[in-house]
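Counting starts at 1 for both ligands and their atoms, following the listed order. Keep in mind the model is a prediction, meaning the values are calculated, not measured.
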Amino acid sequence: MPPIAAFTETAPISATPDTTSHAVAAEARAGLTAHPRTLSPWLFYDEAGSHLFEQITQLPEYYLTRTERGILTAHADEILQQAANGDKDKQTLTLIELGAGTAAKTGVLLAAAVRRQGSVVYQPVDVSETALAVASRNIQANFPGVTVRCQVADYTREALPLDRLPNLRTLALYIGSSIGNFSPADAKSLLSNVRAQLLPGDKLLLGTDLGPSPQKSIDTLLAAYNDAAGTTAAFNRNVLTRLNRDLGADFDTDAFTHKAVWNPIHSRIEMHLESTRHQRVHIPANSAGPALTLTFEPGETIHTENSYKFTAAAIEALLAPAAFATTRIWHDPQHLFAVTLATAI
Ligand code: AVJ
């Protein structure tokens with residue numbers, strides 16, 4: 001296995017900590033017996049899927065990761081300065097990161113925090129203990145002055161296990177456009193949960209992909225989810241491979257086509273798997289229920305992911321109900337992606 005460098009991208013693990021076969025079985029049963037059929041995006045991130053996601057982040061068409069990294073790199077000092085600003089007695093920051101994974105993009109912000117205040121306590125939160133171990137090792141080795149306190153938790157379900165440090169202001173990081181996988185209602189409750197763990201004046205840094213605009217075509221968006229090399233197609237189909245392995249299902253993965261479509265009503269890219277023929281799929285009895293036989297007609301789809309795209313107004317509309325005021329939005333020069341600093345009110 002190649003050594004994992006501090007700047008290696010890894011999957012933003014948004015799975016529940018309960019990724020046991022029971023959770024997979026329950027999720028697959030509920031989704032595949034619903035109409036239209038769905039599978040939840042956390043199912044993508046088994047080992048093969050996490051590796052495919054890492055490859056996606058390096059594709060020429062997938063601008064999101066490198067664009068966000070560019071924004072963070074260009075504005076790290078300013079982001080830290082604005083996050084600390086506004087309360088003279090509490091300007092020392094501690095950084096907490098939701099879904100930190102291996103903290104690949106965080107280094108640039110940690111380095112800026114160390115420049116600004118000499119040292120910083122960094123609290124990555126993730127469901128994956130393995131990813132956190134890598135994060136901790138890489139950060140401690142490459143960023144002197146950073147103290148890492150890992151917390152294994154599912155921030156999408158539980159209250160944030162925030163270790164409140166006296167007299168420190170918290171800067172919570174939720175980057176990578178991970179919030180794009182949630183419906184607006186779920187995104188608002190997630191942000192409210194985060195907000196409930198913060199004090200007024202604390203900050204949130206939120207990374208979001210942007211919708212089409214005069215500077216950004218729908219084709220740019222579609223290409224990011226329908227790359228020429230077929231990596232996103234493999235990532236999408238891998239969910240069926242996972243169900244075959246984890247549940248003993250018999251999906252013929254070659255009989256499903258990857259589809260990425262722009263939904264202008266909901267301002268989201270949708271990924272689907274489309275059956276190319278009439279087929280039956282069997283799932284043996286498991287802890288979630290009896291054996292299932294699913295019939296797919298040609299053209300019938302499984303909806304596997306939503307990836308919401310935002311405008312400045314839409315970002316504010318998510319943040320405001322969760323009691324965050326938008327403080328500042330940074331963009332890349334092409335206005336593909338946004339990084340928003342919000343203040344807990
Ligand atoms: C990890 C949710 C940000 O929506 O762009 C990449 C996942 N899906 N290609 C995204 C993904 C297909 C990604 N997020």
Side-chain angles (χ1 to χ4, degrees), residues 8-16 38-46 48-69 71-72 97-106 126-128 131 154-156 173-184 186-187 190 205-212 216 218 220-240 242 256-263 266-273 302-310 314-315 318 332 336-340:
T8 300
E9 290 306 328
T10 53
I13 297 134
S14 52
T16 72
T38 59
L39 287 171
S40 184
W42 67 260
L43 290 167
F44 287 137
Y45 299 99
D46 64 355
S50 299
H51 182 69
L52 284 164
F53 179 73
E54 200 176 309
Q55 286 179 252
I56 287 173
T57 66
Q58 288 157 27
L59 292 168
E61 296 95 334
Y62 195 79
Y63 60 85
L64 288 80
T65 310
R66 79 177 70 89
T67 304
E68 184 180 51
R69 189 192 297 110
I71 297 169
L72 297 178
E97 182 170 7
L98 309 180
T102 59
K105 269 179 286 198
T106 323
D126 204 285
V127 295
S128 166
D154 180 359
Y155 62 85
T156 67
L173 309 175
Y174 194 33
I175 56 180
S177 201
S178 306
I179 195 144
N181 269 170
F182 296 93
S183 69
D186 288 349
L190 192 155
L205 193 70
L206 184 68
T208 48
D209 195 17
L210 296 174
K216 184 175 183 180
I218 293 173
T220 298
L221 277 164
L222 283 170
Y225 295 85
N226 203 5
D227 61 281
T231 310
T232 307
F235 175 74
N236 198 5
R237 275 199 213 93
N238 175 62
V239 72
L240 302 181
R242 177 183 194 167
F256 286 88
T257 315
H258 166 67
K259 287 264 144 66
V261 297
W262 170 245
N263 182 328
H266 293 288
S267 188
R268 67 192 188 200
I269 292 280
E270 298 176 1
M271 297 211 311
H272 301 266
L273 289 164
I302 307 171
H303 185 173
T304 51
E305 185 172 45
N306 289 320
S307 189
Y308 284 84
K309 307 302 172 184
F310 299 87
I315 296 165
L318 277 189
D332 56 298
L336 299 174
F337 199 94
V339 172
T340 301

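In terms of polar-atom proximity, Tyr45 is not counted as a contact of ligand 1, lacking any N or O under 3.5 Å from an N or O of the ligand. Checked by distance only, ligand 1 and Ser178 stay at 3.5 Å or farther apart across all their nitrogen or oxygen atoms. In terms of polar-atom proximity, Glu305 is counted as a contact of ligand 1, with an N or O under 3.5 Å from an N or O of the ligand.
Inter-residue side-chain proximity for Glu61 and Thr232 is flagged as unmet; no heavy-atom pair is nearer than 4.5 Å.
Under the 4.0 angstrom criterion for non-hydrogen atoms, Phe235 is in contact with ligand 1. Heavy atoms of Phe182 come nearer than 4.0 angstrom to ligand 1 in no pair at all. Ligand 1 lies nowhere less than 4.0 angstrom from a heavy atom belonging to Gly180.
Aromatic ring centres of Tyr63 and Phe337 lie farther apart than the 6.0 Å criterion allows.
Between Asp209 and Lys216 there is a salt bridge, since a side-chain N of the basic residue sits under 4.0 Å from a carboxylate O of the acidic one.
The atoms of ligand 1 that sit less than 4.0 Å from any heavy atom of Ser307 are 4 (O), 5 (O), 10 (C). Counting atoms of ligand 1 from 1 in the listed order, those under 4.0 Å from a heavy atom of Gly176 are 3 (C). Under a 4.0 Å criterion applied to the non-hydrogen atoms of Asn181, ligand 1 contributes the atoms 2 (C). Of all atoms in ligand 1, numbered sequentially from 1 with element shown, those under 4.0 Å from a heavy atom of Ser177 are 3 (C).
Between Tyr62 and Tyr225, the two ring planes are perpendicular [angle over 60°; tilted spans 30° to 60°].
Across all non-hydrogen atoms, the minimal contact from Ser177 to Leu64 is CB-CD2, 4.3 Å. Nearest heavy-atom pair, Ile71 versus Asp332, reported as atom, atom and distance to 0.1 Å: CD1-N, 3.4 Å. For the pair Tyr174 and Ile179, the tightest heavy-atom approach, listed with the atom from each and the gap, is CE2-CB, 3.7 Å. Of all non-hydrogen atoms in Leu240 and Ile302, the two that sit nearest each other are CD2-CD1, 4.2 Å.
Within the 4.0 Å heavy-atom criterion, the part of Tyr62 lying near ligand 1 is the side chain and not the backbone.
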